[in-house]
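I have a structure I would like to understand better, so I am pasting it below and will then ask my questions one at a time.
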There are 4 protein chains.
Amino acid sequence: MDELEIDAVAEADLDDPVLIEGLPGVGHVGKLAADHVLEELEAESTLVRRVYSREFPPQVTIEDGVAELTCAELHAVSVPDGRDLLVLTGDHQAQTNDGHYVLTSAFLDVAEEFGASELYALGGVPTGELIEEYAVLGAVSDESLIEPLEGVGVEFRENEPAGGIVGVSGLLLGLGARRDFEARCLMGETSGYLVDPKSARAVLEVLAEVLGFDLEYESLDERADEMEEVIGKIQEMEQQQQMDVPTDDDLRYIG
Amino acid sequence: MDELEIDAVAEADLDDPVLIEGLPGVGHVGKLAADHVLEELEAESTLVRRVYSREFPPQVTIEDGVAELTCAELHAVSVPDGRDLLVLTGDHQAQTNDGHYVLTSAFLDVAEEFGASELYALGGVPTGELIEEYAVLGAVSDESLIEPLEGVGVEFRENEPAGGIVGVSGLLLGLGARRDFEARCLMGETSGYLVDPKSARAVLEVLAEVLGFDLEYESLDERADEMEEVIGKIQEMEQQQQMDVPTDDDLRYIG
Amino acid sequence: MDELEIDAVAEADLDDPVLIEGLPGVGHVGKLAADHVLEELEAESTLVRRVYSREFPPQVTIEDGVAELTCAELHAVSVPDGRDLLVLTGDHQAQTNDGHYVLTSAFLDVAEEFGASELYALGGVPTGELIEEYAVLGAVSDESLIEPLEGVGVEFRENEPAGGIVGVSGLLLGLGARRDFEARCLMGETSGYLVDPKSARAVLEVLAEVLGFDLEYESLDERADEMEEVIGKIQEMEQQQQMDVPTDDDLRYIG
Amino acid sequence: MDELEIDAVAEADLDDPVLIEGLPGVGHVGKLAADHVLEELEAESTLVRRVYSREFPPQVTIEDGVAELTCAELHAVSVPDGRDLLVLTGDHQAQTNDGHYVLTSAFLDVAEEFGASELYALGGVPTGELIEEYAVLGAVSDESLIEPLEGVGVEFRENEPAGGIVGVSGLLLGLGARRDFEARCLMGETSGYLVDPKSARAVLEVLAEVLGFDLEYESLDERADEMEEVIGKIQEMEQQQQMDVPTDDDLRYIG
C-alpha cells in the first residue's frame, strides 16, 4: 500500500460545503459530535471518501466477524435549509508526528476537491474537574473570525488552551490557514477523564446555530444520562470510602 | 540494502494455492501452526522466497555458528489430495507501524505472483486465563465467508476480538480485502501467558478440514505435554504459596 | 505539506550578516538571549523567513484566539554601528533524530541566502547547582576561532561540555563547518533547573562585545529578579523543612 | 545534509584488505580492539573515509574547544608483513532500526571500493558474571569459515549467542553474506557491566594470529589494570556490606 490511498466511494454535489472534523481526542468530544451529526442526518448523508494510510495503526476492526481496515471517512451531508457539510470521522489519529501532517494535508485535499473553503475542527479541552456549565472555547485561523463566534456564545480566553492545540484539529487550523481556509476550532470544556456527550452537545449547539441547521439531541442525551450514572456511582464510592477511613480528626481522639 | 528485497530461492508450480500466514504473535499460535504444517509436509515443501527488509530488526540469528539475516520465508507446499499451500513463516514482525504495511504488501505481492487469491492468517486470541476447551474464533474480509467457517466449528462472536486484530494478521485481512483476496483469520483461544501448542492444534484441525488435507499431530502434542508439565509446576507452586500464607478466613480467627 | 516549507515573509538587504541561533534548550538561555536581541532592536528588525516542517510537533499555539502553526523564524536585524544579524528563534526543536539534521540544514540554507558565513549558536550548559558567577563556555568549528573568544572572557575547558553538544546548536557547529561557516557556540552556565535570564545576559554581554553592538538589559534583569524571588522562596521552604524535620543529630539525643 | 555523506579524506592503495569493524557495543570490546590496532599501527595508518549520516545522533563532540560532527571513520592500515586492513571505528551506532541497515550498507560500499572481500566484526558477548578465562566466540557467514577459526581457539557453541547478534556487527554478517563477503564475527566474553580491555585483548590475539600481524598490548594492559582496580574496589565494598548486614544464618539465631 502507498503511504496514502484515497478511495472514491461515491460522488456528491455539494454547494460551498463546510468541512467538519471529529476524530478521537479529549473526552471523545469531537468524535461524538461528528458521529451524532451523521446519525441525525443519516438520510441526507453519503459516504464519499475513505482515506487509508500507513500512518494509521496496522489494525483492522471486527464487526460481526468482518474486518475493516483502519481508515478515516468523509461523508457528504446535504443539510435541509442549511449549509452543506463534509463530515470527517474515524477511529484513529496518526501514529507519528509526521503522520499528523500527512493526514491533515490529505483531508484538506479532499475538502478542496469538494469545494470547501471553511472548516470547523471539533474537540474537547480538558479542565481536570467535573463540569457544571459547559462552555465552548474557540480558536481561529484569522482574527476576523472571532467576533461572529463570540456572538453565539463561544469564549475566547487569553492563553487558552495553554498548550496550544495538538494533532489533526491543531493542524487543520495551522495548515488550513496556509491554504486559505477559514478555519475554526470549537472546543467543549470537559473533565478529560470520561467520554463526554454533554460537552459534545454544547459544541453541536454552537455549530448548529452558526451553520443554520436543526438537530435532535435525544440519543446524545441518553448517552449523557448513562455517563451521569457512571459518575454518580464513582462519587458514591468515593463518599463511602471517606466514611470508612478514619480522618485526621478522628485519629486525634484515639490517643 | 533496499527497504525490501525479495530473493527468489526456487520456483514452484502451484495450482490455485492458499496463502497461510504464521508469524510470531500471541501464544506463538500462528507460528507453531505454520511451522508444524511445514514439518509434517516437509517432503512436499519447497522454500521459494525469502523477504528481507529494513523493517525487520537489524539482527542475525546464529545456528551452528552460521549467521542468518532476519527474514520471512515463503514455502510452496503441494499437499497430497488437497489444495496447494503457500506458507509464510519467520521469526520476527516489523518493528514500526509503517513497516507492518510495507511487509504485508510484499507478502501479498508474492502470493499474487504464485496465483493465490485466498489466504488464512493464523494466530491466537488471549483470554487471560488457562483454557480447557480450545475454541477457534474467526474473522473474514467478506460476510459470505462466515457461514462455511461456522460449518466447521469456527466461532464468530459479537465484538470479538474487542481490540480488532493488529499486525500482519490484521493487515492481511484489511489489505487483502483491498486487493480482492478472500481473506480469513483463524484465532485459537490461548491464555496469552505461554507458548500454546494445543491452541495451534485447534487452529490446524479447522484449517485441515477446510482445505482438505491430513496432518499428524504427534510432535505438536509432545510440545503440548511439555507445556502441561510447566503449567503443572506453576500451579503446584501457587497452591504451596496459598497454604503458607494465611487467608482472610484464617485471619478472622486470630483476633 | 512538504517536509519543509520556507515562507519568504519579507526581504532585507544585509551586509555580511552573522547568524544568531536561540532555540529552546537548557535553561532557555539561547531562546531568552535571541528574543532579547529582537526586543531591544525591534525597530531595526524585520521578520524575513518562516520555516515550517513536518519535523516540528503537529501543533498550533493560540494567541488571542488566533492559531499560529509551529515554525522557526528568521529576523534580519540592521544593528546601528554594528555587524548585521540574522536571528533565528522559535518555540520548538525537531521531534526526531533525523529532523534535527533536516532543520539545521534548512537554517544554513537561509543563512547562506542572506550572505552569512559566520554563526553563533547560543545556549546553556547545565552545572547541576545554583550559580554565583556566570561563566560562558565556548566551542568552535575551527581552532583559529578560540583565541579571539578567549580575549573577551569565553572559557574553553578541557572535555567540556562532557557529552558534546546535542540538537540544533551542536549541528550548527558540525554541519556549519562542513559548509565552511565560521561557527561558534556560546554556552552560559546555568543550574539546568530553571529558566535563567542571568545566564542569557552573560551570553549576550560576550556576543555584544564580539560583534560590536550595544544592548540594554533592563527587561532581562526584571525577569532575572522574578526568578530570584522564585529561587528565594524555594530556599526558604527548604530551610523551613530542615527545621521541622529532626536531623540525624537530633535523633542521636532521642535514645 | 543528505541521509548519507561519505567524505574522501585521503586515498590509499590497499592489497586485498580485510575490513575490521569496532563500533561501540557490549563492554566496548570491539571499539577498544579497533582503536588499539590503530594506536599500535599509527605509523602505517591513514584516515581515508568519514561517513556522516542523519542516522547518527544529532551531536558534536568537543575536543579542546573544537567541535567534531558525529561520524564513523575508516582507516587504511598497511600492516608490515601482514594482510592490509581497513579499520572501521566511531563513537556511535545508528539511532533507528532502519539506520543500522543504511549505515552497514554504506560501510560495505566503502569496503568494496577498497577491494575488500573479507571482514571481521569485533565485539563482546555478555556473560553476566566476572570472567577469569576470556574465551572468544565466533559466528560466520558460511560454514566453511568455521574450521580455520577453531584452529586458532575460537569457540563455536550451539545456540550462542542465544539472541543472535544485533546492530552493525550482526548486519555485517547478514548483509555481508548477501554481497558475497567472507564475514566473521569475533566476540570476546565479557561481564557486560564494565568496559573490558582484557576481552579486547583476547579478541585481538585471535585476529593477529589469523591475519598474521604482531601487536604490543602494553597500553591495553594498562587500561585493564585500571579496570581491575575498579573491580577490586567494588568487590571490597560488597564484602564490607555483607559483614554489616545480618545474613539469613545470623537471623536464625536471633529468635
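Letters A, B, ... are given to chains in the order of the sequence lines, protein chains preceding strands, and every chain is numbered from 1.
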At a 4.5 Å cut-off on heavy atoms, which part of R178(D) comes close to chain B: side chain, backbone, both, or neither?
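Only the side chain of R178(D) comes within 4.5 Å of chain B.
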
Counting only heavy atoms closer than 4.5 Å, note whether A139(D) contacts chain B via side chain, backbone, both or neither.
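It is both, since atoms from each part get that close.
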
Against chain B, label E160(D) side chain, backbone, both or neither, depending on which of its atoms sit under 4.5 Å from a heavy atom there.
backbone

In Å, rounded to the nearest 0.5 Å, how long is the span from CE of M1(B) to CG of L108(D)?
11.5 Å

Relative to chain B, which segment of I146(D) carries a heavy atom at a distance below 4.5 Å: side chain, backbone, both, or neither?
side chain

Inter-chain contacts: residues 58-73 of chain B against chain D, heavy atoms under 4.5 Å
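Expected list: P58(B), Q59(B), V60(B), T61(B), I62(B), D64(B), G65(B), V66(B), A67(B), L69(B).
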
Where along residues 89-106 of chain B does a heavy atom come under 4.5 Å of chain D, listed by residue number?
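Residues of residues 89-106 of chain B touching chain D at under 4.5 Å: Q95(B).
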
Bottom line for E143(D): the part with an atom under 4.5 Å from chain B's heavy atoms is both

To the nearest 0.5 Å, tell me how far E5(B) CD sits from L175(D) CG.
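Output value for this atom pair is 8.0 Å.
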
Part of Y52(B) lying under 4.5 Å from any heavy atom of chain D:
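Side chain of Y52(B) only, per the 4.5 Å heavy-atom cut-off to chain D.
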
Only pairs of heavy atoms separated by less than 4.5 Å count here; which of L173(D), V140(D), L149(D) has the most with chain B?
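Ranked by contacts with chain B, first place is V140(D).
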
